[in-house]
Structures are given as C-alpha cells and as structure tokens.
Amino acid sequence: MRVALAVMAALLLVTGTAEATPRHIGGVAESLHPEGVQWDPTRGQFLVSSLRHGTVSLVSQTGRVRTLVSGTKMVSTFGIQVDRGRLLVAFGDIGLGDRQELGQSGLGIFDLRTGRTISLIDIPNGANDVAVDPAGNAYVTGTKGDTIFKVDRAGTVTAFAKDPRLGGESFGNNGIAWDPRGFLITGHYTTGTLFKVTQDHVEELPAPKLPGADGLTLTPQGLTVVTNRLSAPGKNAVTVLDTRTWQIRSQREWRTAPTTAARTPHGTYVLSGYLDVLIAGSTTDEFSLDR
C-alpha cells in the first residue's frame, strides 16, 4: 500500500511539473535578439545568445531574463553548448552588433556557474555553431568557409574536416550536432544539404534538402532541423527527421523566423529571436521559446 501511494505521489509530481511548464515562453530584454539556445540542467533554465550585444543570458520558465556572460570582446554570439560545467559559445561579427570588430570569429569558453571567462579562442571562417563530443572536444562550423574546426580541452585548434561542399559563395555549413553513434551532423544553410562528418571525411546524408537549415538538435523523436528564410530560399519551419532513414517524420511551419531548438526535460523548445526585424534595420525587445 505504501509503495502504491509513493508511486501515485511521484506520478502526480511529474504530471504537475509537466503541466506547470508553459508551451510558450515570452522573453523581454532590451534588443537582445538571441540566435542560439541551450538548456542549463544545473539551473533548470534556458541559456540564450545575443546577435546584438554579444552576451549570454539565462531565461527562466516564466520568461525572466538575467545576463550571465557580458563585458567580453564578443560582438555577436551565436550557437552555444553546455559541457560539464563549461559554457561554449561561437562568436563573431556579421554587422548586426551594437559595436564592430571586423573579421572577429571564435569560440568563447566560460564557467557555467559564474559566467567567468576561461578562454576566448580565435577560429577563422565565421564561427557560427558548436557541438561537443563525450570527451569534451568542441567542433565549430564556419559559414564563410569549407572547414569544421576542432578545439580540444586544452584549447588547441585543428582542422577536423574540410570539403568544398561545406562552403560556397553564400552561407555554408551552419548548424552542427554530435550523434552518439560517433559522428557529427552538419547542415549547409543555403543548399539545405545535410552531411555526416568524421575525421577528414564528409558524406552527404540521404535526407531531403532543407534550404535555410539553421539549428540542428538531436532528440528522442529524431533530428530536429530548424529552417528559416532569413538569408536563403527556405521556409520558416521545424522538421523532424528519422535518424535511421533520414526521411521526414514531421514538419510544421512556423509563424516567425526560428533559428534553433533546445532539448529539455520538458520537451524541445524552438527559439525565435526576431532576427528578421534586426536584419531589416530595427530592433525589438521581445523573443520567444515554444515547445
């Protein structure tokens, strides 16, 4: 009887937590325009970057925003990852920040608890997104080049994989994710081609072309590919691919221009930082996260 009551109490607790987690989280922070998002399991909150300010902020499930990383040389921050007490941030300058440092491109590594800078590492080719393997090695894409760079735990930068198909005249390889089967997945923003990447080897996946492919997130449902038409002839949508066949399991059009998604204990949340407003020359204080 006691066991049964304990199980019922646990189920009620879990159900209550799920119901208390909103499907829509509206954030407000002065011209933040976040592009990247991750879940912080130590706080039970989201982490978002900022194209406008080059910061990283915490976002609670009620939408409260608090800056964690600021005051660095980073002009704009893009993709972010959490790895065992570290916060890894791709940064650069694409002309949308509130200041300029032309040619800036790199990976910032910070203490997740305090936001203290551990290191700022220069990486060429317009750093855009970052993935981490189980050993703590980081892999950084560059939309202006044809190379994925590896940054080991000691901060040493090497070219992990180079292939002309990853580059191009416009935006190239963008989103990146580590697959637990032992390889990377990256997407070409302009063409929408997805690639399987291992050391010095790039292989095109038999997946549908998804132009505007921005953020990639692996979830229990499959590979979530967030697309937008900010700088490519794609559509604002969220597509889930079966990771065995690489075919579409589901696809949902999005009202705004989403950029990426974060896997959380409460489901997958898609970020809309209203970058279309920023690209058009204006700003807004609003952004949203939707399950």
Side-chain angles (χ1 to χ4, degrees), residues 17 21 25 27 29 32-92 104-123 127-141 149-157 175-180 184 215-219 224 259-271 273 287 289 291:
T17 301
T21 306
I25 299 171
L32 193 67
H33 292 286
E35 195 269 354
V37 62
Q38 277 294 309
W39 177 254
D40 178 358
T42 67
R43 297 180 173 93
Q45 297 186 20
F46 295 92
L47 292 153
V48 297
S49 59
S50 173
L51 252 63
R52 185 68 176 160
H53 305 310
T55 58
V56 179
S57 299
L58 290 159
V59 183
S60 73
Q61 295 181 46
T62 61
R64 179 176 176 269
V65 181
R66 178 171 69 86
T67 304
L68 177 64
V69 176
S70 64
T72 73
K73 73 173 186 178
M74 300 186 298
V75 174
S76 291
T77 45
F78 307 105
I80 55 182
Q81 280 290 333
V82 171
D83 176 59
R84 289 165 289 191
R86 300 186 304 162
L87 173 63
L88 290 77
V89 184
F91 68 86
Q104 181 187 91
S105 172
L107 178 70
I109 303 176
F110 306 90
D111 183 282
L112 178 62
R113 184 178 64 85
T114 65
R116 176 183 62 85
T117 301
I118 297 173
S119 60
L120 295 172
I121 302 168
D122 292 333
I123 296 176
N128 182 270
D129 202 2
V130 56
V132 184
D133 70 17
N137 299 303
Y139 302 88
V140 183
T141 60
F149 289 93
K150 176 181 176 180
V151 183
D152 66 18
R153 293 278 300 188
T156 303
V157 180
I176 190 168
W178 173 261
D179 191 297
L184 295 161
L216 306 180
T217 306
L218 277 167
T219 73
T224 298
T259 51
T260 191
R263 177 181 174 180
T264 84
H266 316 293
T268 302
Y269 278 78
V270 177
L271 171 67
F287 65 92
L289 289 157
R291 188 168 65 210

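Not one N or O on the side chain of Thr21 forms a donor-acceptor pair closer than 3.5 Å with the backbone of His266. For the pair Ser60 (side chain) and Thr62 (backbone), a donor-acceptor distance under 3.5 Å is present. Using modelled atom types, one side-chain atom of Arg86 and one backbone atom of Gly136 make a donor-acceptor pair closer than 3.5 Å. Under a 3.5 Å cut-off, the side chain of Gln104 and the backbone N or O of Val75 do form a donor-acceptor pair. In this structure a side-chain-to-backbone donor-acceptor pair under 3.5 Å is missing from Thr264 to Thr268. Between the side chain of Thr219 and the main chain of Arg263, no donor-acceptor pair closer than 3.5 Å is present. A distance-only check finds a donor-acceptor pair linking the side chain of Asp152 to the backbone of Gly155 [under 3.5 Å]. Asp129 contributes a side-chain N or O that, together with a main-chain N or O of Ile176, makes up a donor-acceptor pair within less than 3.5 Å.
When every heavy atom of Ser57 is checked against every heavy atom of Val65, the shortest pair comes out as CB-CG1, 3.8 Å. Looking at every heavy atom in both residues, Val48 comes nearest to Pro34 through CB-CB, 3.7 Å. Val130 approaches Ala138 most closely through the heavy-atom pair CG2-CB, 3.9 Å. When every heavy atom of Gly175 is checked against every heavy atom of Leu216, the shortest pair comes out as O-CD1, 3.6 Å. Gly36 and Ser49 make their closest contact through N-OG, 2.7 Å (heavy atoms, listed as atom of the first residue, atom of the second, distance). Pairing each heavy atom of Gly273 with each of His33, the nearest pair is O-ND1, 3.0 Å.
Side-chain contact check for Trp39 versus Pro265: some heavy-atom pair is nearer than 4.5 Å. Side-chain atoms of Gln45 and Arg66, non-hydrogen and from C-beta on, never get closer than 4.5 Å to each other. For the pair Val37 and Tyr269, the minimum side-chain heavy-atom distance is 4.5 Å or more. Side-chain contact between Leu218 and Asp179 is present, with heavy atoms from C-beta onward closer than 4.5 Å. Looking at Phe110 and Val56, their side chains never come closer than 4.5 Å, going by heavy atoms from C-beta outward. Looking at Glu35 and Arg52, their side chains never come closer than 4.5 Å, going by heavy atoms from C-beta outward. Looking only at side-chain heavy atoms (C-beta outward), Ile109 and Leu120 stay at 4.5 Å or farther from each other.
The one candidate from Thr67, Leu51, Thr55 that meets the side chain to side chain contact (heavy atoms under 4.5 Å, CB included) condition with Leu32 is Thr55. Remark: of the listed residues Val59, Leu112, Val69, Leu112 is the sole one forming a side chain to side chain contact (heavy atoms under 4.5 Å, CB included) with Leu47.
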Starting from the C-alpha separation in whole Å, work towards a yes-or-no answer on side chain to side chain contact (heavy atoms under 4.5 Å, CB included) for Phe78 and Thr259.
CA-CA 10 Å; Phe78 307 105; Thr259 51; over 6 Å; no
Run the numbers on Asn137 and Val132 for side chain to side chain contact (heavy atoms under 4.5 Å, CB included), then give the verdict.
CA-CA 6 Å; Asn137 299 303; Val132 184; over 6 Å; no
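With rounding to the nearest 0.5 angstrom, the CD1 atom of Ile118 is 9.0 Å from the CG atom of Leu87. Between Arg153 atom CZ and Asp83 atom CG the span is 5.5 Å, to the nearest 0.5 Å.
Under a 4.0 Å N-O distance rule, the pair Asp40/Arg113 does not qualify as a salt bridge. Between Lys73 and Asp122 there is a salt bridge, with a side-chain nitrogen of the basic residue lying less than 4.0 Å from a carboxylate oxygen of the acidic one.
Between Phe149 and Tyr139, the distance from one ring center to the other does not fall under 6.0 angstrom.
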